[in-house]
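Quick caveat, the model's predicted, so the values are computed rather than measured. All values below were derived from every heavy atom in this structure, side-chain atoms included, with hydrogens, water molecules and symmetry-related copies excluded. Lettering follows sequence order; numbering is per chain, from 1.
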Amino acid sequence: MEPAKLDHAALPRVAAVASEARATLWGRARRFLAKSAAPFGYISPTLILVSVLMLIPIAMVVSYSFKDNVIVQQNPVSVGLANYTKVLTDPDFLAALKNTFVFITASTVAHLVLGLGFAMMLNTSLLSGVTKTIFRIIYILPWLFTVAVIAVIWRLMLDPAGVVNYLLTTAGGMQEGVNWLSDPGTALWALTFINIWAGFPFFMISILAGLQGISGDLYEAASVDGASPFRQFWNVTLPQLRPVLISMAVLDLIWTSQQFALIWMTTGGGPLNVTEMLSTYTYKQAFSSYEFATASASAVIVLLLTMILAFFYVRLQRER
Amino acid sequence: MLTRKRRRLGAKIAVFTGLCLGAAFAGLPVVWMLSTSFKTNGEVFAVPPKLFTKNFSFDAYTAILSDGAQLRFFLNSYIVALSVTALTLFVAILAAYGFSRYEFPLKKSINAVIVSVQAVPPITLVIPYFGLVVALGLYNTYPGLILTHMVFTLPYAIIMMTAYFNTLPKELDESVKVDGASSWTALWRVLVPISVPGMVAVGVYTFMISWNEYLFALTLTRTDDMRTVPIGIQLLMGQHSYEWNQMMAMSILGSIPVLVLFLLFQRRFIGGLTSGAVKA
């Protein structure tokens with residue numbers, strides 16, 4: 001078979017078409033690359049930071065927890081689960097676990113109740129907008145102060161010679177002043193009270209936003225049906241707020257369990273360990289006793305407990 | 001009619017009384033702090049306690065403001081918090097643009113990691129950070145603090161900024177891209193200028209977190225000239241444990257930046273915060 005004769009005159013045209021096709025192909029490839037690479041370009045600083053600040057440190061602390069004398073020694077050897085057995089059989093750790101449980105449960109319940117109460121009062125149609133704004137700003141105040149300031153304020157107020165004892169003995173008929181933060185019988189409750197004071201505003205704001213999202217039609221329908229204010233609260237307000245209340249409660253459990261500064265600056269875990277929390281226990285192991293390995297085991301346990309809570313939080317978010 | 005009016009008045013009085021009780025609970029400790037800061041130290045625990053002292057003075061404030069060591073705490077806090085805010089905003093704007101305007105593999109998983117960062121306990125991170133920051137030569141430096149603070153500020157900033165960008169129509173930046181501009185130009189020339197309200201909310205929140213951070217500031221710095229305000233307050237408590245008026249003055253001075261930011265931007269801030277917190 002004879003090879004087809006080349007049509008020389010057509011060659012430039014073919015070349016032009018080919019180069020055009022190549023150009024479009026290349027352009028398409030480049031556009032495709034740009035399109036799929038661009039998002040990674042934008043999120044790469046985040047990815048790098050999250051890896052350096054989160055994933056690597058977590059891997060580090062987990063590996064620390066299986067070794068001896070980490071950080072202080074050059075070549076620590078693996079000790080298996082020894083650090084975990086040491087922590088989990090330490091009575092101080094178990095006390096910290098129990099105190100943390102009491103502290104976070106009482107704080108969360110009080111935050112919910114106070115937050116809901118204040119939010120409902122601030123949502124009333126009975127008072128003018130200006131009045132409500134003034135009250136709202138006063139209510140948010142505790143939340144704006146740094147924990148160091150909150151610790152100092154309450155150490156002043158709860159001092160044996162302080163204003164709280166003065167008011168309780170003069171007006172409240174209490175016999176004698178109490179050293180709230182140094183008495184083993186009261187320290188944990190005093191600390192919980194401070195935490196309640198410091199944390200309720202965030203609940204209040206979030207619940208207020210939730211209340212403002214409830215349609216007025218629901219209340220109108222309820223009052224046409226003759227529902228009392230209490231029944232309206234029970235059958236309209238609470239069910240509508242349920243998702244907000246549950247997410248806030250789980251978030252609060254997570255945050256309160258991580259509270260460190262407030263305890264460190266008021267009681268330091270004392271007296272007699274009655275206010276020792278998982279966070280202060282871990283910190284002392286690391287930076288007072290320089291037992292970084294046991295501290296890491298304790299830190300990993302705290303992380304696992306938090307992850308259980310976080311798991312519920314994510315599931316709740318997904319259900320909504 | 002009359003009974004309804006009377007009932008309404010009764011409800012009004014009840015709500016107002018309740019609000020006043022609540023305001024006393026929330027506000028009195030703050031008022032007491034303010035009042036103590038204007039007292040002489042001998043008067044702090046005077047019996048009976050006085051809300052308005054006769055010997056009103058600014059001595060506690062001048063003592064703090066004329067002390068170079070105390071001013072250094074403020075300088076450090078401003079340097080750290082402002083740097084954290086600027087860097088967080090920059091990184092979060094980029095990430096939010098990526099999340100809001102593109103589809104890419106692993107988007108959901110990356111997003112889940114960013115959301116879950118918020119739950120990781122600081123106490124878990126502080127031990128490896130200590131090892132890491134020492135190894136990188138960043139112990140007792142500004143970059144060490146700035147970088148580590150971002151682990152708390154960044155996730156929330158990304159979530160809030162993404163939510164904000166999602167409310168802006170895609171046609172806005174796409175129309176510029178049709179005219180031949182790159183996505184980078186579209187982001188900075190079109191989206192960012194109209195996102196100022198969202199950026200303000202994120203910026204105020206970020207500044208507050210960094211200004212108030214305690215655990216890393218305590219652990220990752222060593223010398224007094226690197227300490228921030230929260231640690232400064234604690235040091236003051238250790239040094240002159242009886243000068244309560246100065247501690248209160250320092251506390252108030254240390255709270256002013258956050259209070260001012262909050263009062264200026266409270267509407268935008270609360271709006272941004274609640275939409276982020278409830279939907280996050």
Side-chain angles (χ1 to χ4, degrees), chain A residues 36 38-40 42-43 45-47 49-50 53-54 57 60-61 64 71 118 121 124 126-127 135 137-139 141-142 144-149 152-154 156-157 159 161-163 166 197 205-206 209-210 244 254 258 260-261 265 279 282-283 286-287 292 295-296 299-300 302-303 306 310, chain B residues 11-12 15-16 18-19 22-23 26-27 29-30 32-33 36 45 47-49 91 94-95 97-98 102 104 110 113-114 116-117 119-125 127-129 131-132 148 150-151 154 158 183 211-212 214-215 219 230 233-234 237 244 247 251 254-255 258-259 262 270 274 277-278:
Chain A
S36 53
F40 283 103
Y42 285 112
I43 62 166
T46 303
L47 290 181
L49 279 170
V50 167
L53 293 174
M54 277 283 309
M60 282 168 74
V61 75
Y64 285 169
I71 297 185
F118 290 145
M121 288 195 288
T124 176
L126 296 166
L127 299 172
F135 275 116
I137 291 176
I138 296 174
Y139 283 179
L141 275 178
L144 295 177
F145 291 102
T146 173
V147 186
V149 171
V152 173
I153 297 181
W154 283 99
L156 171 75
M157 307 256 307
D159 191 276
V163 68
Y166 174 81
W197 182 82
I205 307 173
S206 304
V244 180
I254 295 175
Q258 299 173 356
F260 167 80
M265 292 191 63
S279 58
T282 310
Y283 190 84
F287 298 101
F292 287 102
S296 298
V300 172
V302 175
L303 178 67
T306 312
Chain B
K12 205 168 166 174
V15 169
F16 193 76
L19 282 172
V30 180
W32 194 247
M33 165 171 72
T36 305
F45 290 122
V47 177
V91 176
L94 294 183
Y97 187 66
Y102 291 96
F104 49 89
I110 295 171
V113 170
I114 291 172
S116 54
V117 167
V120 175
I123 195 74
T124 303
L125 293 175
I127 299 166
Y129 277 8
L132 207 60
T148 51
M150 287 181 76
V151 74
L154 199 53
I158 292 174
S183 60
W211 184 272
N212 292 344
Y214 177 84
L215 179 62
T219 314
I233 293 173
Q234 189 197 9
M237 196 149 59
W244 286 100
M247 279 191 265
S251 297
S255 307
V258 169
L259 291 177
F262 176 78
I270 292 180
T274 45
V278 183

Minimum heavy-atom distance B/Val91-A/Pro45, with the two atoms named: CG1-CB, 4.0 Å

Which portion of A/Thr46 sits near chain B, non-hydrogen atoms under 4.5 angstrom: both

Backbone N/O of B/Leu19 and side chain of A/Tyr139: donor-acceptor pair under 3.5 Å: yes

Among B/Gly18, B/Gly27, B/Pro29, residue most engaged with chain A (heavy-atom pairs, under 4.5 Å): B/Pro29

Taking every non-hydrogen atom, the tightest pair across B/Lys12 and A/Leu126: CE-O, 3.4 Å

Interface moiety of B/Ser183 toward chain A, non-hydrogen atoms closer than 4.5 Å: both

From CA spacing to verdict: side chain to side chain contact (heavy atoms under 4.5 Å, CB included), A/Val300, B/Thr124: CA-CA 7 Å; A/Val300 172; B/Thr124 303; 5.6 Å; no

Options B/Ala119, B/Pro121, B/Ser255, ranked by heavy-atom pairs under 4.5 Å with chain A, top entry: B/Pro121

Option in A/Ala286, A/Ser279, A/Ala310 with maximal non-hydrogen atom pairs under 4.5 Å from chain B: A/Ser279

B/Ile127 side chain near A/Tyr64 side chain, heavy-atom distance below 4.5 Å: yes

pair B/Phe104-A/Ile43: side-chain heavy atoms closer than 4.5 Å: yes

Heavy-atom side-chain proximity of A/Leu141 to B/Leu259 below 4.5 angstrom: yes

Which atom of B/Ala26 lies closest to which atom of A/Pro142, heavy atoms considered: O-CG, 3.7 Å

Interchain contact, A/Met157 with chain B, by part (heavy-atom threshold 4.5 Å): side chain

Atom of A/Tyr166, atom of B/Pro48 and distance for their closest heavy-atom approach: OH-CB, 3.1 Å

Option in B/Val113, B/Thr36, B/Val258, B/Val117 with maximal non-hydrogen atom pairs under 4.5 Å from chain A: B/Val117

Largest heavy-atom contact set with chain B, pairs under 4.5 Å, which of A/Val152, A/Ile254, A/Leu49, A/Val61: A/Val152

Among the listed options B/Ala95, B/Gly98, B/Ala11, the residue most often paired with chain A at heavy-atom distances under 4.5 Å: B/Ala95

Distance, nearest 0.5 Å, that separates CG of B/Leu125 from CE of A/Met60: 10.5 Å

B/Tyr129 side chain to A/Leu53 backbone, donor-acceptor under 3.5 Å: yes

Exercise: identify the closest heavy-atom pair between A/Ala161 and B/Phe45: O-CD2, 3.4 Å

From OH (B/Tyr102) to OH (A/Tyr42), nearest 0.5 Å: 5.0 Å

Pairwise distance CE(A/Met121) to CZ(B/Phe16) - rounded to 0.5 angstrom: 11.5 Å

Options A/Phe135, A/Phe292, A/Phe145, ranked by heavy-atom pairs under 4.5 Å with chain B, top entry: A/Phe135

Contact winner vs chain B - A/Val147, A/Val163, A/Thr282, heavy-atom pairs under 4.5 Å: A/Val163

Contacts of A/Tyr283 that satisfy ring-ring contact (aromatic ring centres under 6.0 Å, His included) - sequence neighbours left out: A/Phe260, A/Trp264, A/Phe287

Over all atoms of both residues, closest heavy-atom pair of B/Trp32 and A/Leu156: CD1-CD2, 3.6 Å

Most contacts with chain B, counted as non-hydrogen pairs under 4.5 angstrom, among A/Ile138, A/Leu127, A/Leu144: A/Leu144

Heavy-atom proximity to chain A below 4.5 Å, by part of B/Ile110: side chain

Among the listed options A/Ile137, A/Thr124, A/Leu47, A/Val50, the residue most often paired with chain B at heavy-atom distances under 4.5 Å: A/Ile137

